[in-house]
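Read the structure below first, then the notes.
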Amino acid sequence: MSDGHGRREYPGDFDGVPRLEYQPNADGDADPGEIVWTWVPYEEDHTRGKDRPVLVIGVDGAWLLALILTSQDHDRDAADEARYGRVWLDIGSGAWDADGRASEVRLDRIVRIDPTAVRREGATIDAEMFAQVADGVTKLAG
């Protein structure tokens with residue numbers, strides 16, 4: 001079912017421990033370990049959202065599972081972020097950011113992404129960094 005904007009209706013964020021496997025493949029499809037750009041629903045209102053980079057970490061049926069990225073440094077406000085249950089991990093910089101800024105990935109919110117809404121591949125993180133992300137996600141979700 002469409003949401004009126006050409007996207008499938010959002011079923012809500014993923015809850016639980018996803019199956020996490022590092023499987024990047026430069027085939028044009030979004031795979032776990034790749035950072036892509038797509039529309040991401042806001043946490044407080046899934047009918048609204050914005051275009052942003054996400055790290056694909058797995059799949060859930062027809063949906064991709066992903067974590068949002070930001071170039072904002074949450075180390076400075078870690079206590080405030082923790083109070084709201086948000087947990088961030090530094091992943092460094094890469095081709096997903098045209099300005100080469102360092103990024104952080106949010107570990108505590110797993111969003112579902114419609115694979116047809118992914119517009120471009122941004123980059124692939126390395127296996128070691130993916131393992132750190134997977135460990136953080138597993139600890140928080142388990």
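Because the structure is predicted, anything quoted here is derived from the model rather than measured.
A donor-acceptor pair is defined here as one N or O able to donate and one able to accept, closer than 3.5 Å; no such pair exists between the side chain of D99 and the backbone of R101.
The two residues P32 and E21 make their nearest non-hydrogen contact at CB-O, 2.9 Å. In plain terms, the two heavy atoms of L107 and G136 that are nearest each other are CD1-CA, 4.0 Å. Contact detail for S93 and G100: the closest heavy-atom pair is CB-O, 3.4 Å. Closest approach of Y22 and I125 over heavy atoms only: OH-O, 2.5 Å. Residues D108 and R106 approach most closely at OD2-NH2, 2.9 Å, considering heavy atoms. The two residues I113 and W39 make their nearest non-hydrogen contact at CD1-O, 4.1 Å.
Between I35 and the choices V54, V56, I91, T124, the side-chain contact (heavy atoms from CB on, under 4.5 Å) rule is met once, by I91. Just one residue in the list V87, L140, D13 forms a side-chain contact (heavy atoms from CB on, under 4.5 Å) with R109, and that residue is D13.
Note that OG1 of T47 is 10.0 Å distant from CD of E9, once rounded to the nearest 0.5 Å. In this structure, the separation between CD on E43 and CD1 on I68 is 7.5 Å, given to the nearest 0.5 Å. Rounding to the nearest 0.5 Å places CD of Q23 at 8.0 Å from CZ of F130. In this structure, the separation between CG on L67 and CD1 on I57 is 4.0 Å, given to the nearest 0.5 Å.
Atom CG of D45 sits in a crowded spot, with more than 12 heavy atoms from other residues, nucleotides or ligands closer than 6.0 Å.
Between R52 and T70 there is a side-chain heavy-atom pair separated by less than 4.5 Å. Under the 4.5 Å side-chain criterion, counting only non-hydrogen atoms from C-beta, P18 is not in contact with D60.
Under a 4.0 Å N-O distance rule, the pair E104/R86 does not qualify as a salt bridge.
Hydrophobic clustering (side-chain heavy atoms under 4.5 Å, transitive across Ile, Leu, Val, Met, Phe, Trp, Tyr) keeps W63 apart from V111. Criterion: ILVMFWY side-chain heavy atoms under 4.5 Å apart, direct or through other members. Under it, V17 and I110 are not part of a common hydrophobic cluster.
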